[in-house]
Visitor: 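Encoded as structure tokens, here's the structure I'll be asking about.
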Amino acid sequence: MRQKPLVWQIFPSYLIVLGAALLAATGYTTRSIQQFYQAQMISDLEVRAKVLRDRIREQLRQEGPAAVHALCREVGLTIATRITVIQPDGIVIGDSEEYPADMDNHAARPEVAAAMKDGLGASVRFSQTLGRDMIYVAVPLRDNGRTISVVRVALPVTRIRDALWVLYARIAAGGLLVVLLAAVVSWHVSRRISRSLEEMKRGVDRFAQGDFSRQLPLPKSQEMASLAEAMNQMAQHLDDRIRAVMNQRNQQEAVLSSMVEGVLAVDNANRIISLNGACARLMGVRAEEAQGRLLHEVVRNAALKDFIAQALDSPEPIENEFVLHEQDQQMLQAHGTVLRDAQGRGIGAVVVLNDVTRLRRLEQVRRDFVANVSHELRTPITSIKGFVETLLDGALENPDDARRFLEIVAKQSDRLNAILGDLLTLSRIEEGERKTGIPLEVRAVRESLAAAVQLCASKAATKRIAIELDCGESLMASINASMLEQAVANLVDNAIKYSDPGGAVRVYATMENGEVVIRVQDHGCGIPSEHLPRLFERFYRVDKARSRSLGGTGLGLSIVKHIAKVHRGRVWVESAPGKGSTFFMSVPSA
């Protein structure tokens, strides 16, 4: 999450609180003023209605209801107020702005009903007649104790709004000035707080870099001063401890820093005295955390603990090999001897650990390679020798048998030649990569894929297998065209071998994450998951009998892996029994 400076956390909160308070106060004030103005206007309209009531009563007595409308028009125009006279049954008999005959029955108007009931009615509502908001005040007109009509006066609400706009403008100007002043003050306060913290941060950064020459200044606020003082004390303690650690480390640095072997020293109580970085990496711990701890708290490997115990008890140097981690079969070669002080007394033991995993794996690979080569070569040689001996023993006299035996000898000779050819190919690839490097050039990938498909077309046609090629002309990569062609041809050849007649093989290439990924997909028998990690080893076969019967040498996928390595790429496979296989080869794009 993105972090913000403290000033931008404090300052906006000040403004928000101030703005909220100002808005609340402004809203309350304006609403109160609006209500005050409205009450004043209602009171004024009430006075006007009561003044008009006596005059309208006289008009009704002298001339009757017909003359009321003219009076409303005359007086309403004079005092700029709407005047309406309504009979008790709701019929309008006079109005200063509309003709009574065109107006609805007003008995249900809230101000009229209130006036009839309580002697005074007032409301603020929308006028259906005039089509705007109005303030109404109505008073009953009585004659000899009987209500003969209701006098209603009204003014538009816009009168109040117009009067309040000037006041609102002044309040807004004053509020804006207050906000600006408060913003300046709050910014100043926020900067004072954040400035002290920034000064502390700069000082702590110096402490983190090992500079303890200057202490943090003490701010004026009590809390900040206490924090700065605590940090100064912490820096002093850190300075003392770092000096002690540096002195101890310098004593061992000359001996241990340049060693690639792991060195572990323990005392007679099986407590770790020292270990270098290489040993800490082998143990999977941090060197500074392991020092001073008991051996069984750090070392989990039983063979290593037994070896250290033997080194503590043996007067002579000892040597042994054991597996450190079962998961990755990490092999260690250990040398142990007694650790003696200046007087020659045994105070512990020193163990030197050398990781020989790669060496042992190479030795195992060499042994497996020799065994596999011997086995692969022995099969055709034995077959050739057996059939030659059969021919020499008299089979030559039978032309049919002689021909069949010679065809077998020729087939086994071709197999022997293919194995030797693949071995030479691997040797040339490795030799060229090691000595001069394989020349690469930017070329279209499709050319090599098409050539590989063409090489395998005849074999695919024999099994009625369709080969589909999908690769854009613009897909470019830095490749060795002949080698890439050979690698793809090996993959396509394998796909054809292990696909059922009438099936299909798909070859396609795409650009993914800066790499050109080539896929060869078949729908054959598939490969069990336990064989996938070793599939690209030399002479490794999933089904030895079937592989040999199909003419494979066991070196095709190994050649593919080395060609991918030459191109600074990689190979992998996805497969499941009964669902076919997809072989992947990636090379960096141009």
Side-chain angles (χ1 to χ4, degrees), residues 208 210 212 234 236-371:
F212 301 99
M234 178 189 68
Q236 184 61 44
H237 293 320
L238 284 176
D239 190 20
D240 296 340
R241 293 186 181 184
I242 290 174
R243 290 179 186 275
V245 170
M246 290 296 294
N247 290 334
Q248 294 177 3
R249 191 178 70 174
N250 290 337
Q251 294 173 5
Q252 302 172 356
E253 196 70 28
V255 179
L256 301 177
S257 62
S258 60
M259 296 183 65
V260 294
E261 296 85 359
V263 179
L264 174 65
V266 298
D267 59 15
N268 290 326
N270 275 336
R271 190 176 296 275
I272 296 177
I273 301 173
S274 175
L275 75 165
N276 66 350
C279 181
R281 287 190 294 272
L282 289 173
M283 298 297 105
V285 298
R286 297 178 62 182
E288 58 271 18
E289 293 179 354
Q291 290 183 2
R293 297 173 63 183
L294 292 175
L295 183 66
H296 70 270
E297 296 177 349
V298 178
V299 178
R300 305 299 182 187
N301 186 273
L304 178 56
K305 289 191 284 188
D306 292 341
F307 182 81
I308 295 173
Q310 294 175 15
L312 287 170
D313 296 335
S314 175
E316 300 294 331
I318 61 173
E319 181 179 340
N320 196 6
E321 287 188 5
F322 51 86
V323 176
L324 180 62
H325 299 298
E326 293 290 344
Q327 295 85 353
D328 52 6
Q329 291 294 309
Q330 187 176 18
M331 181 70 68
L332 291 185
Q333 184 181 63
H335 298 268
T337 186
V338 175
L339 180 65
R340 303 183 184 277
D341 61 9
Q343 287 74 33
R345 294 174 300 182
I347 59 173
V350 175
V351 176
V352 179
L353 304 174
N354 188 18
D355 189 354
V356 294
T357 305
R358 185 171 180 273
L359 179 62
R360 296 295 178 262
R361 286 179 179 172
L362 290 175
E363 291 176 354
Q364 183 62 40
V365 169
R366 180 182 59 81
R367 287 194 296 268
D368 292 344
F369 178 71
V370 172

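Side chains included, hydrogens not; waters and symmetry mates left out as well; all remaining heavy atoms used.
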Visitor: Please tell me if the side chains of Asn301 and Phe322 come closer than 4.5 Å, counting only heavy atoms from C-beta onward.
Guide: yes
Visitor: Rounded to the nearest 0.5 Å, what separation is found between the CG atom of Asp313 and the CD1 atom of Ile308?
Guide: 12.0 Å
Visitor: Considering all heavy atoms of both residues, which atom of Gly292 and which atom of Arg271 are nearest to each other, and what is their separation?
Guide: O-NH1, 2.8 Å
Visitor: With rounding to the nearest 0.5 angstrom, report the OG1 to CD distance, Thr337 to Glu316.
Guide: 8.0 Å
Visitor: To the closest 0.5 Å, what do you measure between NE2 (His237) and CD1 (Ile242)?
Guide: 13.0 Å
Visitor: Taking side-chain contact (heavy atoms from CB on, under 4.5 Å) as the test, write out the residues that go with Val338, two or more places apart.
Guide: Arg340
Visitor: Kindly compute the distance separating CZ (Arg293) from CD1 (Ile272), expressed to the nearest 0.5 Å.
Guide: 7.5 Å
Visitor: Output side-chain donor-acceptor pairs under 3.5 Å for residues 344-356, partner residues at least two apart or in another chain, one line each.
Guide:
unit_1 : atom_1 : unit_2 : atom_2 : d
Arg345 : NE     : Asp341 : OD2    : 3.2
Arg345 : NH2    : Asp341 : OD2    : 3.2
Asp355 : OD1    : Thr357 : N      : 3.0
Asp355 : OD1    : Thr357 : OG1    : 2.6
Asp355 : OD2    : Gln330 : NE2    : 3.0

Visitor: What's the separation between atom CG in Leu264 and atom CG in Leu295, rounded to the nearest 0.5 Å?
Guide: 6.5 Å
Visitor: Evaluate the criterion side chain to side chain contact (heavy atoms under 4.5 Å, CB included) for residue pair Leu275 and Val263; output intermediate values, then yes/no.
Guide: CA-CA 5 Å; Leu275 75 165; Val263 179; over 6 Å; no
Visitor: Which residues pass the side-chain contact (heavy atoms from CB on, under 4.5 Å) test with Glu319, sequence neighbours left out?
Guide: Gln333, His335
Visitor: Quick one, Leu312 with Asn270, criterion side chain to side chain contact (heavy atoms under 4.5 Å, CB included). Give me CA distance, side-chain angles, the key distance, then yes/no.
Guide: CA-CA 9 Å; Leu312 287 170; Asn270 275 336; 3.3 Å; yes
